[in-house]
Structures are given as structure tokens and as C-alpha cells.
Participant: 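Here it is: the structure, laid out below.
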Amino acid sequence: MNLPERLARIEMLVCDVDGVLTDGRIVYTDRGDEIKAFHVRDGSGLKLWTSLGKHAGIITGRRSAIVERRAEELGIHAVVQGAADKKAALVQMLAQLGLKREEVCVVGDDIVDLPMLRVAGLAVAVADACLEAKEDADYVTQAPGGGGAVREVIELILRAQGSWQAIVARYRE
Ligand SMILES: [Mg+2]
């Protein structure tokens with residue numbers, strides 16, 4: 001399948017967190033807290049995405065209350081943290097929602113994401129992903145993780161499906 005055909009089928013977007021929704025840095029404070037920085041346009045893009053009735057999910061190998069909070073803020077209900085097997089988490093997520101593999105786009109940045117990238121209908125690696133993730137991806141973003149990569153993917157899919165233009169027109173009225 002070529003890229004336009006893959007893009008046309010996507011109904012769900014599943015993102016890794018560290019290095020995809022963030023730039024990959026995990027900042028520790030003296031108080032033992034962790035700090036992650038998210039990109040505001042990834043967030044607004046995800047809100048637009050779900051407002052169209054599309055599904056969004058998060059699968060991360062780590063665990064953090066910050067992720068819970070960000071997901072809640074964005075209305076993302078499918079969240080798996082501490083996923084030892086990201087592919088299994090993805091397959092289960094799709095089964096619960098009744099979606100096919102061709103209908104999911106996965107965005108990753110590292111080796112641990114390869115198994116879930118390889119089952120996705122559209123595999124995306126961020127610009128600063130590891131080499132292998134980029135090799136296995138159907139699309140590599142221009143933007144780096146935490147720098148609008150997820151927004152870029154959302155726009156790419158919605159443009160291909162013809163909905164992005166309608167969204168923009170609504171805001172330009
Ligand atoms: Mg990662």
C-alpha cells in the first residue's frame with residue numbers, strides 16, 4: 001500500500017510518550033518529582049482529532065502521573081502505562097475498540113516501539129527517532145518529538161482525508 005492509501009484508512013492515533021509527545025528529556029527535581037514538557041499544538045491537534053470522532057491512545061513503557069493528567073486534559077481514554085509489551089497493548093486496545101490494524105497510526109521514536117510500529121497500518125517515526133524506527137516507518141515527520149511531530153501527523157492524516165481543510169475554513173469564517 002502506498003502512503004495516501006494508508007492515510008485514508010486511519011481512525012486511531014496511538015502515541016508513545018517520551019520522545020514523541022515530549023522531546024525525550026525526563027527532568028528530575030530535588031523533591032523527587034519528574035518534569036516533562038508537552039507541545040501545545042500537539043495537544044490542540046489531538047483535541048481536534050477526537051472532536052471528529054477519531055480515537056486517540058497512549059502507550060508508554062514508563063509510568064507517570066503527568067501522563068495521566070495530560071491524557072485527561074486532552075480527553076484521551078485509551079492509556080496504557082508501564083507497558084512491557086507495547087505490541088500486545090496495542091492489539092488489545094484495537095480489539096477493545098473494534099478497530100483493525102489498518103485503521104491505526106502509531107507514532108514512535110525508539111527500538112521498543114518497533115513491534116507496535118510494525119503492526120500499525122501507518123507507522124510513523126519522529127524526525128529525531130532512532131535509525132531503526134525511521135527505517136521501519138511509512139512516514140518520518142519533519143518535526144522532532146515534543147516539537148509538534150504529533151500535530152504534523154494529525155494534519156497529514158486529516159488533509160489526506162479531506163477534513164483538515166474544513167477545520168481551517170471553520171476558524172477562518
Ligand atoms: Mg519513546
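Just so you know, ligand 1 is whichever comes first in the structure, and atom 1 is the first atom listed for that ligand.
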Participant: More than 12 heavy atoms of other residues, nucleotides or ligands under 6.0 Å from CD of Gln92: is that the case?
Facilitator: no
Participant: Hydrogens and angles aside, do Arg69 and Ser64 bring a side-chain donor and acceptor to less than 3.5 Å of each other?
Facilitator: no
Participant: Would Asp23 and Lys36 pass as an ion pair if we require N to O under 4.0 Å?
Facilitator: no
Participant: Treating Asp85 as the side-chain partner and Ala88 as the backbone partner, does any N or O pair qualify as donor plus acceptor under 3.5 Å?
Facilitator: yes
Participant: Hey, what's the angle at the Mg ion (ligand 1) spanning O (Asp18) and OD2 (Asp16), nearest 10 degrees?
Facilitator: 90°
Participant: Look at the N, O or S atoms of Asp113, main chain and side chain alike, and state whether any lies under 2.8 Å from the Mg ion (ligand 1).
Facilitator: no
Participant: Strictly under 2.8 Å, is any N, O or S atom of Asp109 next to the Mg ion (ligand 1)?
Facilitator: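 So Asp109 counts as coordinating the Mg ion (ligand 1), yes.
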